[in-house]
Every structure is written in structure tokens, then in C-alpha cells.
Amino acid sequence: WLTRRLDGLDPSDFEGGLHMYCTAPLTPPPQFEQAWTVYRGEGAALAQTAQQIAELQAIAIFSSPTDTMQIDSLRRLVQAIDNLGHDAPPVLWVPHTVAPDSGVPTWHVDVADEQRGFIITQLLEIG
């Protein structure tokens, strides 16, 4: 499913640089291997220095909103990027679960939902 989502894209499509983080041990499509980091668990670290991150145009984070461990990693990652201050690039959260045509129910963001909607509120408050 990840390969389908990124099909037709190449890192060069993102002028100025894009780095992708994933809070699950997923393998990226080959064209994104150099711009991909798995950020998982409490010991996870940023893949670049603060200066390298400041030079990026954006960071995309692939994370499942239904997995508590991934949400915890997502929060830590957003906080680490936000700690870079005004030099931090925009961060895009890409909720990633299962393919829509898989037959498995997917998760929809409902900000009114007390449990899952709170994730969005927390991320906005962090940065």
C-alpha cells in the first residue's frame, strides 16, 4: 500500500528537499530509500543534524493513528522537530493504515472523538 501511495513520485519532485519518517518498520519504495527513516520507540533519533533539517522544505511522517506505539513515536518525533525552533520545516502527518480496497475498515479522523480526535489536538499543541 505504501508503494501505491508513492507511485509516480520521486524525491526530486520536492524542490529543496523532503525527508520521510515512518513510525512502523516499513520498507519504502526504492526511490525514497535515501530520504526515509524509521523512527520507532523511545530510543529513536532524528536522522539528520539540526542544520540539515533546517534546509529541508518539509518532513512527512507516516504513522498509523490506530497503533498506540506509533502515536507515541509520532508525538516524540514532532516534539523533537519542534524543539529545533523557527528553523524547523513544516511537518506533514500522513495517517497510514491499510489500503482502502483491502476490505479492512480504515480510520477516519473525527476531531470530536474523545480518544482519537485528541491526537490531532495534541499534535497541534506540540508544534
Novice: Under a 3.5 Å distance rule, please check whether Arg76 uses its side chain to pair with a backbone N or O of Gly43 as donor and acceptor.
Specialist: no
Novice: Excluding sequence neighbours, so at least two apart, what forms side-chain contact (heavy atoms from CB on, under 4.5 Å) with Gln51?
Specialist: Thr49, Glu55
Novice: Got Ile71 and Thr68 here, is their nearest side-chain heavy-atom distance under 4.5 Å?
Specialist: no
Novice: Can you confirm whether Pro89 sits close enough to Ile53 that some side-chain heavy atom of one is under 4.5 Å from a side-chain heavy atom of the other?
Specialist: yes
Novice: Extract all donor-acceptor atom pairs below 3.5 Å that involve side chains of residues 9-21 and protein atoms in other chains or at least two apart in sequence.
Specialist:
{"residue": "Asp10", "atom": "OD2", "partner": "Ser12", "partner atom": "N", "Å": "3.1"}
{"residue": "Asp10", "atom": "OD2", "partner": "Ser12", "partner atom": "OG", "Å": "2.8"}
{"residue": "Asp13", "atom": "OD2", "partner": "Asp10", "partner atom": "N", "Å": "2.7"}
{"residue": "His19", "atom": "ND1", "partner": "Gln48", "partner atom": "NE2", "Å": "2.8"}
{"residue": "His19", "atom": "NE2", "partner": "Thr37", "partner atom": "OG1", "Å": "2.7"}
{"residue": "His19", "atom": "NE2", "partner": "Gln48", "partner atom": "NE2", "Å": "3.2"}
{"residue": "Tyr21", "atom": "OH", "partner": "Ala47", "partner atom": "N", "Å": "2.9"}
{"residue": "Tyr21", "atom": "OH", "partner": "Gln48", "partner atom": "OE1", "Å": "2.8"}

Novice: Determine yes or no for a side-chain-to-main-chain donor-acceptor pair under 3.5 angstrom, with Trp36 supplying the side chain and Cys22 the backbone.
Specialist: no
Novice: Please identify each residue that fulfils side chain to side chain donor-acceptor pair (under 3.5 Å) with Asp87, with sequence neighbours left out.
Specialist: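 Per chain and number, Asp87 pairs via side chain to side chain donor-acceptor pair (under 3.5 Å) with no residue.
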Novice: First locate atom CZ of Arg40, then atom CG of Leu74, and finally report the distance between them rounded to the nearest 0.5 Å.
Specialist: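 Taking CZ in Arg40 and CG in Leu74, the distance rounds to 12.5 Å.
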Novice: Which heavy atom of Trp93 sits nearest to which heavy atom of Ser63, and what is that distance?
Specialist: NE1-O, 3.3 Å
Novice: Between atom CZ of Phe62 and atom CG of Leu92, what is the distance when rounded to the nearest 0.5 Å?
Specialist: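 Going from CZ on Phe62 over to CG on Leu92, the span is 9.5 Å.
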Novice: For Asp72, what residues pass the salt bridge (Lys or Arg N to Asp or Glu O under 4.0 Å) criterion, not counting sequence neighbours?
Specialist: Arg75
Novice: Any idea which heavy atoms bring Ser64 and Gln70 closest together, and the distance?
Specialist: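 Where Ser64 meets Gln70 most closely, the heavy atoms are N-OE1, 2.8 Å.
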Novice: Could you grab the distance from atom OH of Tyr39 to atom CG of Leu46, nearest 0.5 Å is fine?
Specialist: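 The distance works out to 5.5 Å.
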Novice: Using 0.5 Å steps for rounding, measure from the CD1 atom of Ile61 to the CD1 atom of Ile81.
Specialist: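 Answer rounded to 0.5 Å: 4.5 Å.
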